[in-house]
Number of protein chains: 2
Amino acid sequence: MKPEKESSEKNISTEEKIKSAARIVFHQKGFAAARTRDIAEEAGINLALLNYYFRSKEKLFNIVMLETFQDFFSSIFSVFNDVDTSLEEKIEKFASNYIDLLFREPEIPLFIVNEIRNNVGELMDKINIRNSVFNSEFVKQYNKAIKEGRIRNLSFQHFMMNFMGLLIFPFIAKPLFKEINGLSDVQFNKVIEERKQLIPVWLKSIMTV
Amino acid sequence: MKPEKESSEKNISTEEKIKSAARIVFHQKGFAAARTRDIAEEAGINLALLNYYFRSKEKLFNIVMLETFQDFFSSIFSVFNDVDTSLEEKIEKFASNYIDLLFREPEIPLFIVNEIRNNVGELMDKINIRNSVFNSEFVKQYNKAIKEGRIRNLSFQHFMMNFMGLLIFPFIAKPLFKEINGLSDVQFNKVIEERKQLIPVWLKSIMTV
DNA sequence: AATTTTTTTAATCATTTGATTAACCAAATA
DNA sequence: TATTTGGTTAATCAAATGATTAAAAAAATT
(Lines give C-alpha, C1' and ligand atoms only; values in the text may rest on other atoms or scores of the structure.)
Protein backbone atom coordinates (compact mmCIF):
# COMPACT_ATOMS: atom_id res chain seq x y z
CA MET A 1 0.00 0.00 0.00
CA LYS A 2 2.82 2.40 0.82
CA PRO A 3 5.55 3.53 -1.56
CA GLU A 4 8.67 2.77 0.44
CA LYS A 5 11.16 2.02 -2.27
CA GLU A 6 13.27 4.94 -3.35
CA SER A 7 12.07 6.45 -6.61
CA SER A 8 10.91 3.13 -7.99
CA GLU A 9 9.07 2.41 -11.19
CA LYS A 10 7.16 5.15 -12.98
CA ASN A 11 5.21 6.71 -10.13
CA ILE A 12 8.03 9.24 -10.29
CA SER A 13 5.69 11.09 -12.57
CA THR A 14 3.00 11.98 -10.02
CA GLU A 15 5.43 12.11 -7.15
CA GLU A 16 7.50 14.64 -9.03
CA LYS A 17 4.38 16.52 -10.07
CA ILE A 18 3.43 16.96 -6.44
CA LYS A 19 6.90 17.98 -5.40
CA SER A 20 7.30 20.68 -7.99
CA ALA A 21 3.81 21.96 -7.29
CA ALA A 22 4.72 22.04 -3.61
CA ARG A 23 7.86 23.92 -4.48
CA ILE A 24 5.87 26.59 -6.26
CA VAL A 25 3.24 26.98 -3.58
CA PHE A 26 5.61 26.85 -0.62
CA HIS A 27 7.97 29.35 -2.22
CA GLN A 28 5.11 31.67 -2.89
CA LYS A 29 3.23 31.45 0.39
CA GLY A 30 5.51 29.87 2.95
CA PHE A 31 4.65 26.88 5.07
CA ALA A 32 1.85 28.31 7.17
CA ALA A 33 -0.12 29.99 4.41
CA ALA A 34 0.23 27.11 1.95
CA ARG A 35 -2.65 24.64 2.05
CA THR A 36 -2.29 21.06 0.95
CA ARG A 37 -5.31 21.65 -1.25
CA ASP A 38 -3.45 24.47 -3.01
CA ILE A 39 -0.63 22.08 -3.74
CA ALA A 40 -2.96 19.34 -4.93
CA GLU A 41 -4.72 21.74 -7.25
CA GLU A 42 -1.45 23.15 -8.57
CA ALA A 43 -0.29 19.61 -9.26
CA GLY A 44 -3.62 18.57 -10.74
CA ILE A 45 -3.91 15.55 -8.51
CA ASN A 46 -6.22 14.22 -5.85
CA LEU A 47 -5.53 15.55 -2.39
CA ALA A 48 -5.08 12.09 -0.93
CA LEU A 49 -2.13 11.43 -3.19
CA LEU A 50 -0.14 14.07 -1.37
CA ASN A 51 -0.36 12.08 1.83
CA TYR A 52 0.04 8.82 -0.03
CA TYR A 53 3.43 9.86 -1.40
CA PHE A 54 4.71 12.18 1.31
CA ARG A 55 2.88 11.20 4.49
CA SER A 56 2.31 14.75 5.66
CA LYS A 57 2.48 18.40 4.70
CA GLU A 58 5.43 18.84 7.01
CA LYS A 59 7.44 15.98 5.48
CA LEU A 60 6.78 17.33 2.01
CA PHE A 61 7.82 20.76 3.14
CA ASN A 62 11.08 19.52 4.59
CA ILE A 63 11.95 17.83 1.34
CA VAL A 64 11.19 20.94 -0.67
CA MET A 65 13.14 23.05 1.78
CA LEU A 66 16.19 20.83 1.66
CA GLU A 67 16.22 20.64 -2.12
CA THR A 68 15.73 24.38 -2.44
CA PHE A 69 18.66 24.95 -0.15
CA GLN A 70 20.89 22.57 -1.99
CA ASP A 71 20.02 24.01 -5.38
CA PHE A 72 20.53 27.52 -4.19
CA PHE A 73 23.83 27.02 -2.44
CA SER A 74 25.35 24.61 -4.88
CA SER A 75 24.97 27.24 -7.58
CA ILE A 76 26.99 29.54 -5.35
CA PHE A 77 29.83 27.17 -4.71
CA SER A 78 30.32 26.18 -8.30
CA VAL A 79 31.65 29.67 -8.89
CA PHE A 80 33.38 30.00 -5.55
CA ASN A 81 35.47 26.89 -6.04
CA ASP A 82 36.61 27.43 -9.59
CA VAL A 83 40.41 27.19 -9.43
CA ASP A 84 40.99 28.83 -12.79
CA THR A 85 39.61 32.28 -11.99
CA SER A 86 40.96 35.18 -9.98
CA LEU A 87 39.21 36.78 -7.04
CA GLU A 88 38.02 39.64 -9.18
CA GLU A 89 36.74 37.31 -11.87
CA LYS A 90 34.88 35.26 -9.29
CA ILE A 91 33.15 38.33 -7.95
CA GLU A 92 32.07 39.38 -11.43
CA LYS A 93 30.94 35.93 -12.38
CA PHE A 94 29.13 35.38 -9.14
CA ALA A 95 27.24 38.67 -9.35
CA SER A 96 26.15 37.90 -12.87
CA ASN A 97 25.19 34.28 -12.22
CA TYR A 98 23.43 35.05 -8.99
CA ILE A 99 21.31 37.78 -10.46
CA ASP A 100 20.32 35.46 -13.30
CA LEU A 101 19.36 32.86 -10.73
CA LEU A 102 17.29 35.42 -8.86
CA PHE A 103 15.55 36.43 -12.07
CA ARG A 104 14.52 32.82 -12.55
CA GLU A 105 13.50 32.23 -8.93
CA PRO A 106 12.94 35.54 -7.23
CA GLU A 107 11.00 34.14 -4.27
CA ILE A 108 13.75 31.89 -3.02
CA PRO A 109 15.67 34.32 -0.81
CA LEU A 110 12.59 35.35 1.10
CA PHE A 111 11.52 31.74 1.37
CA ILE A 112 14.89 30.75 2.78
CA VAL A 113 15.28 33.49 5.33
CA ASN A 114 11.72 33.02 6.47
CA GLU A 115 11.68 29.31 6.96
CA ILE A 116 15.16 29.21 8.39
CA ARG A 117 13.83 30.97 11.48
CA ASN A 118 11.63 28.02 12.32
CA ASN A 119 14.36 25.54 11.61
CA VAL A 120 17.91 26.79 11.82
CA GLY A 121 19.93 24.03 13.45
CA GLU A 122 18.63 20.83 11.94
CA LEU A 123 18.65 22.01 8.37
CA MET A 124 21.89 23.92 8.42
CA ASP A 125 23.73 20.87 9.70
CA LYS A 126 22.57 18.77 6.79
CA ILE A 127 24.11 21.15 4.31
CA ASN A 128 27.04 22.40 6.36
CA ILE A 129 27.42 25.72 4.65
CA ARG A 130 29.93 26.90 7.21
CA ASN A 131 32.68 24.59 6.04
CA SER A 132 31.77 24.94 2.41
CA VAL A 133 32.26 28.66 2.69
CA PHE A 134 35.49 28.69 4.63
CA ASN A 135 37.17 25.94 2.66
CA SER A 136 36.26 27.53 -0.64
CA GLU A 137 38.83 28.74 -3.13
CA PHE A 138 37.19 32.13 -2.93
CA VAL A 139 37.93 32.62 0.77
CA LYS A 140 41.51 31.48 0.30
CA GLN A 141 42.00 34.01 -2.46
CA TYR A 142 40.29 36.67 -0.39
CA ASN A 143 42.60 36.12 2.56
CA LYS A 144 45.63 35.96 0.33
CA ALA A 145 44.75 39.27 -1.27
CA ILE A 146 44.53 40.83 2.17
CA LYS A 147 47.87 39.37 3.24
CA GLU A 148 49.48 40.73 0.09
CA GLY A 149 47.95 44.12 0.73
CA ARG A 150 46.03 44.09 -2.55
CA ILE A 151 42.77 44.76 -0.75
CA ARG A 152 41.86 46.34 2.53
CA ASN A 153 41.84 44.27 5.71
CA LEU A 154 38.10 43.87 5.91
CA SER A 155 36.68 40.84 7.73
CA PHE A 156 35.07 38.32 5.45
CA GLN A 157 31.85 38.63 7.45
CA HIS A 158 31.43 42.21 6.34
CA PHE A 159 32.36 41.36 2.81
CA MET A 160 29.74 38.61 2.68
CA MET A 161 27.05 40.82 4.19
CA ASN A 162 27.83 43.50 1.64
CA PHE A 163 27.90 41.18 -1.32
CA MET A 164 24.69 39.42 -0.36
CA GLY A 165 22.96 42.60 0.68
CA LEU A 166 23.73 44.37 -2.56
CA LEU A 167 22.70 41.37 -4.65
CA ILE A 168 19.72 39.94 -2.84
CA PHE A 169 18.01 42.75 -0.99
CA PRO A 170 16.57 44.44 -4.09
CA PHE A 171 14.73 41.20 -4.85
CA ILE A 172 13.45 40.81 -1.33
CA ALA A 173 12.15 44.36 -1.23
CA LYS A 174 11.08 44.41 -4.86
CA PRO A 175 7.46 45.51 -4.32
CA LEU A 176 8.66 48.31 -2.10
CA PHE A 177 11.28 49.53 -4.55
CA LYS A 178 8.89 49.29 -7.45
CA GLU A 179 6.29 51.37 -5.64
CA ILE A 180 8.68 53.97 -4.29
CA ASN A 181 10.39 54.51 -7.62
CA GLY A 182 7.26 54.01 -9.69
CA LEU A 183 8.79 51.24 -11.75
CA SER A 184 7.19 48.64 -13.98
CA ASP A 185 8.48 45.10 -13.88
CA VAL A 186 10.49 45.69 -17.01
CA GLN A 187 12.03 48.86 -15.64
CA PHE A 188 12.84 47.15 -12.36
CA ASN A 189 14.58 44.33 -14.17
CA LYS A 190 16.58 46.84 -16.16
CA VAL A 191 17.83 48.45 -12.97
CA ILE A 192 18.81 45.07 -11.62
CA GLU A 193 20.54 44.20 -14.87
CA GLU A 194 22.71 47.28 -14.43
CA ARG A 195 23.76 46.00 -11.03
CA LYS A 196 25.43 42.97 -12.57
CA GLN A 197 28.22 45.28 -13.70
CA LEU A 198 28.01 47.82 -10.90
CA ILE A 199 28.15 45.62 -7.83
CA PRO A 200 31.61 44.20 -8.61
CA VAL A 201 32.88 47.73 -9.21
CA TRP A 202 31.39 48.92 -5.95
CA LEU A 203 32.81 46.00 -4.03
CA LYS A 204 36.25 46.66 -5.45
CA SER A 205 36.08 50.29 -4.38
CA ILE A 206 34.90 49.27 -0.92
CA MET A 207 37.77 46.84 -0.57
CA THR A 208 40.37 49.40 -1.53
CA VAL A 209 39.12 52.36 0.47
CA MET B 1 -22.78 46.58 22.70
CA LYS B 2 -20.10 47.60 20.25
CA PRO B 3 -17.24 50.04 20.88
CA GLU B 4 -17.66 52.47 18.02
CA LYS B 5 -16.33 55.69 19.50
CA GLU B 6 -12.72 56.41 18.71
CA SER B 7 -10.45 55.63 21.65
CA SER B 8 -13.10 56.58 24.18
CA GLU B 9 -12.98 56.24 27.92
CA LYS B 10 -10.55 53.89 29.55
CA ASN B 11 -11.08 50.70 27.55
CA ILE B 12 -7.92 51.94 25.89
CA SER B 13 -6.27 49.69 28.38
CA THR B 14 -7.46 46.34 27.03
CA GLU B 15 -7.74 47.57 23.49
CA GLU B 16 -4.13 48.68 23.61
CA LYS B 17 -3.12 45.47 25.34
CA ILE B 18 -4.54 43.47 22.47
CA LYS B 19 -2.96 45.66 19.86
CA SER B 20 0.53 45.48 21.25
CA ALA B 21 0.19 41.74 21.75
CA ALA B 22 -0.95 41.46 18.17
CA ARG B 23 2.03 43.51 17.11
CA ILE B 24 4.39 41.09 18.82
CA VAL B 25 2.76 37.95 17.49
CA PHE B 26 2.22 39.21 13.94
CA HIS B 27 5.76 40.50 13.71
CA GLN B 28 7.08 37.19 14.89
CA LYS B 29 4.94 34.81 12.87
CA GLY B 30 3.29 36.77 10.10
CA PHE B 31 -0.43 36.84 9.38
CA ALA B 32 -0.97 33.24 8.35
CA ALA B 33 0.94 31.54 11.15
CA ALA B 34 -0.38 33.81 13.88
CA ARG B 35 -3.47 32.47 15.65
CA THR B 36 -5.95 34.71 17.38
CA ARG B 37 -5.52 32.47 20.43
CA ASP B 38 -1.80 33.28 20.44
CA ILE B 39 -2.61 36.96 20.53
CA ALA B 40 -5.23 36.57 23.23
CA GLU B 41 -2.80 34.62 25.38
CA GLU B 42 0.01 37.10 24.78
CA ALA B 43 -2.36 39.89 25.81
CA GLY B 44 -3.72 37.95 28.76
CA ILE B 45 -7.30 38.46 27.72
CA ASN B 46 -10.29 36.38 26.70
CA LEU B 47 -10.33 35.40 23.06
CA ALA B 48 -13.74 36.97 22.46
CA LEU B 49 -12.41 40.39 23.38
CA LEU B 50 -10.26 40.38 20.29
CA ASN B 51 -13.32 40.21 18.09
CA TYR B 52 -15.23 42.55 20.39
CA TYR B 53 -12.68 45.33 19.92
CA PHE B 54 -11.37 44.63 16.43
CA ARG B 55 -14.12 42.66 14.65
CA SER B 56 -11.75 40.22 12.97
CA LYS B 57 -8.20 38.96 12.80
CA GLU B 58 -7.81 40.63 9.46
CA LYS B 59 -8.94 44.05 10.66
CA LEU B 60 -6.61 43.83 13.61
CA PHE B 61 -3.80 42.85 11.32
CA ASN B 62 -4.38 45.77 9.01
CA ILE B 63 -4.19 48.17 11.92
CA VAL B 64 -0.95 46.63 13.17
CA MET B 65 0.48 46.67 9.70
CA LEU B 66 -0.36 50.31 9.09
CA GLU B 67 1.04 51.43 12.42
CA THR B 68 4.19 49.39 11.93
CA PHE B 69 4.72 51.01 8.57
CA GLN B 70 4.15 54.48 9.87
CA ASP B 71 6.50 54.00 12.81
CA PHE B 72 9.16 52.51 10.64
CA PHE B 73 9.10 55.08 7.88
CA SER B 74 8.54 58.13 10.03
CA SER B 75 11.80 57.36 11.79
CA ILE B 76 13.47 57.46 8.42
CA PHE B 77 12.14 60.79 7.32
CA SER B 78 12.93 62.62 10.51
CA VAL B 79 16.58 62.30 9.52
CA PHE B 80 16.03 62.73 5.82
CA ASN B 81 14.28 66.07 6.21
CA ASP B 82 16.59 67.77 8.66
CA VAL B 83 17.54 71.02 6.97
CA ASP B 84 20.55 71.66 9.20
CA THR B 85 22.68 68.70 8.17
CA SER B 86 24.74 67.97 5.09
CA LEU B 87 24.30 64.98 2.82
CA GLU B 88 27.24 63.23 4.42
CA GLU B 89 25.98 63.92 7.91
CA LYS B 90 22.55 62.60 7.01
CA ILE B 91 24.03 59.37 5.76
CA GLU B 92 26.03 58.92 8.94
CA LYS B 93 23.13 59.79 11.18
CA PHE B 94 20.72 57.65 9.28
CA ALA B 95 22.97 54.59 9.37
CA SER B 96 23.43 54.95 13.07
CA ASN B 97 19.79 55.62 13.91
CA TYR B 98 18.51 52.91 11.63
CA ILE B 99 20.76 50.25 13.06
CA ASP B 100 19.66 51.22 16.55
CA LEU B 101 16.07 50.92 15.42
CA LEU B 102 16.79 47.49 13.98
CA PHE B 103 18.42 46.42 17.22
CA ARG B 104 15.21 47.32 19.03
CA GLU B 105 12.86 45.75 16.50
CA PRO B 106 14.79 43.28 14.37
CA GLU B 107 11.73 41.47 13.01
CA ILE B 108 10.18 44.47 11.34
CA PRO B 109 11.98 44.37 7.98
CA LEU B 110 11.11 40.75 7.37
CA PHE B 111 7.56 41.40 8.51
CA ILE B 112 7.21 44.29 6.11
CA VAL B 113 8.70 42.65 3.03
CA ASN B 114 6.67 39.52 3.70
CA GLU B 115 3.28 41.00 4.27
CA ILE B 116 3.60 43.71 1.67
CA ARG B 117 3.28 41.14 -1.07
CA ASN B 118 -0.40 40.62 -0.30
CA ASN B 119 -1.10 44.27 0.10
CA VAL B 120 1.24 46.71 -1.61
CA GLY B 121 -1.09 49.12 -3.39
CA GLU B 122 -3.68 49.89 -0.76
CA LEU B 123 -1.22 50.26 2.04
CA MET B 124 1.41 52.22 0.16
CA ASP B 125 -1.17 54.76 -0.90
CA LYS B 126 -2.13 55.46 2.69
CA ILE B 127 1.44 56.30 3.58
CA ASN B 128 2.58 57.67 0.25
CA ILE B 129 6.23 56.90 0.67
CA ARG B 130 6.94 57.81 -2.92
CA ASN B 131 6.36 61.52 -2.44
CA SER B 132 7.91 61.54 1.00
CA VAL B 133 11.09 60.17 -0.49
CA PHE B 134 11.33 62.37 -3.54
CA ASN B 135 10.36 65.58 -1.80
CA SER B 136 12.80 64.98 1.00
CA GLU B 137 15.71 67.29 1.76
CA PHE B 138 17.97 64.28 1.36
CA VAL B 139 17.08 63.69 -2.29
CA LYS B 140 17.46 67.37 -3.07
CA GLN B 141 20.93 67.38 -1.58
CA TYR B 142 21.75 64.15 -3.37
CA ASN B 143 20.79 65.56 -6.75
CA LYS B 144 22.56 68.81 -6.04
CA ALA B 145 25.77 66.98 -5.18
CA ILE B 146 25.59 65.13 -8.49
CA LYS B 147 24.98 68.35 -10.41
CA GLU B 148 27.97 69.95 -8.74
CA GLY B 149 30.09 66.92 -9.55
CA ARG B 150 30.79 66.20 -5.89
CA ILE B 151 29.56 62.65 -6.26
CA ARG B 152 29.24 60.27 -9.14
CA ASN B 153 26.14 60.35 -11.32
CA LEU B 154 24.49 57.31 -9.82
CA SER B 155 20.70 56.98 -10.00
CA PHE B 156 19.00 57.39 -6.65
CA GLN B 157 17.39 53.99 -7.13
CA HIS B 158 20.75 52.30 -6.95
CA PHE B 159 21.82 54.42 -4.05
CA MET B 160 18.71 53.48 -2.10
CA MET B 161 19.07 49.80 -2.87
CA ASN B 162 22.66 49.91 -1.71
CA PHE B 163 21.96 51.83 1.44
CA MET B 164 19.02 49.66 2.43
CA GLY B 165 20.72 46.46 1.42
CA LEU B 166 23.84 47.17 3.42
CA LEU B 167 21.83 48.22 6.46
CA ILE B 168 18.89 45.87 6.54
CA PHE B 169 19.95 42.63 4.89
CA PRO B 170 22.21 41.47 7.74
CA PHE B 171 19.18 41.58 10.03
CA ILE B 172 16.98 39.72 7.60
CA ALA B 173 19.54 36.98 7.13
CA LYS B 174 20.76 37.04 10.71
CA PRO B 175 20.32 33.32 11.45
CA LEU B 176 22.16 32.47 8.26
CA PHE B 177 25.06 34.80 8.96
CA LYS B 178 25.30 33.65 12.54
CA GLU B 179 25.43 30.03 11.47
CA ILE B 180 27.89 30.51 8.62
CA ASN B 181 30.28 32.60 10.65
CA GLY B 182 29.71 30.72 13.90
CA LEU B 183 28.72 33.83 15.79
CA SER B 184 26.93 34.25 19.09
CA ASP B 185 24.28 36.93 19.42
CA VAL B 186 26.75 39.21 21.13
CA GLN B 187 29.35 38.70 18.44
CA PHE B 188 26.79 39.30 15.72
CA ASN B 189 25.72 42.54 17.33
CA LYS B 190 29.34 43.64 17.54
CA VAL B 191 29.76 43.09 13.80
CA ILE B 192 26.64 45.12 13.14
CA GLU B 193 27.82 47.84 15.47
CA GLU B 194 30.96 48.17 13.35
CA ARG B 195 28.79 48.74 10.31
CA LYS B 196 27.41 51.96 11.76
CA GLN B 197 30.75 53.55 10.94
CA LEU B 198 31.64 51.46 7.93
CA ILE B 199 28.54 51.77 5.78
CA PRO B 200 28.78 55.56 5.38
CA VAL B 201 32.43 55.18 4.43
CA TRP B 202 31.58 52.51 1.91
CA LEU B 203 28.76 54.53 0.43
CA LYS B 204 31.04 57.50 0.05
CA SER B 205 33.60 55.41 -1.78
CA ILE B 206 30.91 53.95 -4.01
CA MET B 207 29.62 57.39 -4.86
CA THR B 208 33.03 58.73 -5.82
CA VAL B 209 34.31 55.77 -7.82
C1' DA C 1 -29.90 52.46 45.33
C1' DA C 2 -31.82 51.28 40.96
C1' DT C 3 -31.12 51.12 36.23
C1' DT C 4 -28.77 51.21 32.12
C1' DT C 5 -24.69 50.55 29.54
C1' DT C 6 -20.31 48.60 28.75
C1' DT C 7 -17.00 44.99 29.37
C1' DT C 8 -15.72 40.24 30.20
C1' DT C 9 -16.31 35.31 30.24
C1' DA C 10 -17.33 30.34 29.11
C1' DA C 11 -19.50 27.76 25.92
C1' DT C 12 -20.49 26.90 21.39
C1' DC C 13 -20.70 27.29 16.22
C1' DA C 14 -19.20 26.86 11.56
C1' DT C 15 -15.63 26.56 8.53
C1' DT C 16 -11.17 25.28 7.21
C1' DT C 17 -7.76 22.04 6.77
C1' DG C 18 -4.53 18.07 7.32
C1' DA C 19 -5.18 13.38 7.17
C1' DT C 20 -7.43 8.73 6.60
C1' DT C 21 -10.32 5.17 4.69
C1' DA C 22 -12.63 2.07 1.74
C1' DA C 23 -13.80 1.32 -2.66
C1' DC C 24 -12.35 1.35 -7.40
C1' DC C 25 -9.22 1.26 -11.27
C1' DA C 26 -4.95 0.12 -13.76
C1' DA C 27 -0.88 -2.05 -14.52
C1' DA C 28 2.27 -5.60 -13.76
C1' DT C 29 2.84 -10.58 -12.90
C1' DA C 30 1.84 -15.30 -12.97
C1' DT D 1 -6.86 -14.67 -18.58
C1' DA D 2 -6.78 -14.49 -13.55
C1' DT D 3 -4.55 -12.50 -9.76
C1' DT D 4 -1.86 -9.57 -7.26
C1' DT D 5 0.15 -5.22 -6.50
C1' DG D 6 0.27 -0.45 -6.81
C1' DG D 7 -2.16 3.94 -7.87
C1' DT D 8 -6.28 6.94 -7.70
C1' DT D 9 -10.64 8.69 -6.11
C1' DA D 10 -14.66 10.42 -3.38
C1' DA D 11 -16.20 10.56 0.99
C1' DT D 12 -15.33 11.33 5.55
C1' DC D 13 -12.92 12.30 10.03
C1' DA D 14 -10.88 14.92 13.66
C1' DA D 15 -8.54 18.74 15.12
C1' DA D 16 -7.67 23.56 14.72
C1' DT D 17 -9.29 27.99 14.36
C1' DG D 18 -11.90 32.40 13.54
C1' DA D 19 -16.00 34.05 15.14
C1' DT D 20 -20.45 34.47 17.81
C1' DT D 21 -23.65 34.25 21.64
C1' DA D 22 -25.87 34.52 25.95
C1' DA D 23 -25.09 35.19 30.48
C1' DA D 24 -22.48 37.34 34.14
C1' DA D 25 -19.75 41.08 36.03
C1' DA D 26 -18.36 45.72 36.25
C1' DA D 27 -18.89 50.44 35.44
C1' DA D 28 -21.46 54.42 34.44
C1' DT D 29 -25.71 56.99 34.78
C1' DT D 30 -29.92 58.27 36.75
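Only a predicted model underlies this, so the values are computations on that prediction, with no experimental measurement involved.
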**Prompt:** How many Å lie between CZ on A:Phe61 and P on C:dT17, as a whole number?
**Reply:** 17 Å

**Request:** Evaluate the salt bridge (Lys or Arg N to Asp or Glu O under 4.0 Å) criterion for residues A:Arg23 and A:Glu67: first the C-alpha distance (whole Å), next the side-chain angles of each, then the deciding distance (0.1 Å), finally the verdict.
**Result:** CA-CA 9 Å; A:Arg23 200 181 153 96; A:Glu67 290 190 3; 5.2 Å; no

**Message:** Could you tell me how far apart A:Arg55 (CZ) and C:dT20 (P) are, to the nearest whole angstrom?
**Reply:** 7 Å

**Request:** Quick one: label B:Leu47 by what it contacts on the DNA or RNA (base, sugar-phosphate, nothing), any heavy atom closer than 4.0 Å.
**Result:** base

**Among D:dA19, C:dT8, D:dT8, the nucleotide that comes nearest once only the side chain of A:Tyr53 is considered** = D:dT8

**Interatomic distance, B:Ile18 CD1 vs C:dT9 P [rounded to whole Å]** = 10 Å

**Prompt:** Is the distance from OP1 or OP2 of D:dG7 to the nearest side-chain N or O of A:Tyr52 less than 4.0 Å?
**Reply:** yes

**Between C:dG18 (P) and A:Ile45 (CD1): distance, integer Å** = 13 Å

**Request:** Report yes if a side-chain nitrogen or oxygen of B:Thr36 is closer than 4.0 Å to either non-bridging phosphate oxygen (OP1 or OP2) of D:dT17; otherwise report no.
**Result:** no

**Request:** Consider the side chain of B:Thr14, meaning its heavy atoms from C-beta on, and name the nucleotide among C:dT9, C:dT8, D:dT8 that approaches it most closely.
**Result:** C:dT8

**Message:** Can you classify the ring geometry of B:Phe31 versus B:Phe26 as parallel (below 30°), tilted (30 to 60°) or perpendicular (above 60°)?
**Reply:** parallel

**Request:** Specify whether A:Phe94 and A:Phe80 have parallel, tilted or perpendicular ring planes, treating 30° as the upper limit for parallel and 60° as the lower limit for perpendicular.
**Result:** tilted

**Message:** Expressed as a whole number of angstroms, how long is the span from A:Asn51:CG to C:dT21:P?
**Reply:** 11 Å

**Message:** Does the plane of the ring in A:Phe156 sit parallel, tilted or perpendicular to the ring in A:Tyr142? Use 30° and 60° as the thresholds.
**Reply:** perpendicular

**Request:** With the side chain of A:Leu49 defined as its heavy atoms from C-beta on, choose the nearest nucleotide among D:dT8, C:dT17, C:dT9.
**Result:** D:dT8

**Prompt:** Would you find a donor on one side and an acceptor on the other, under 3.5 Å apart, between the side chain of B:Lys90 and the backbone of B:Asp82?
**Reply:** yes

**Request:** Taking only the side-chain heavy atoms of A:Asn46 (C-beta and beyond), determine which of D:dA19, C:dT8, D:dT9 contains the nearest atom.
**Result:** D:dT9

**Request:** Record whether the side chain of A:Arg35 comes under 3.5 Å of the base of C:dG18 through a donor-acceptor pair of N or O atoms.
**Result:** no

**Request:** From the options D:dG18, D:dT8, C:dA10, select the nucleotide whose nearest atom is closest to the side chain of B:Ala48.
**Result:** C:dA10

**Item:** Between D:dT17 (C1') and B:Lys29 (NZ): distance, integer Å
**Value:** 13 Å

**Request:** Check every strand shown and say whether B:Ala34 touches a base, only sugar-phosphate, or nothing at a heavy-atom separation below 4.0 Å.
**Result:** sugar-phosphate

**Rounded distance (Å) that lies between atom P of D:dG18 and atom CZ of B:Arg37** = 7 Å

**Item:** Whole-Å gap separating C1' (D:dG18) and CG (B:Asn62)
**Value:** 16 Å

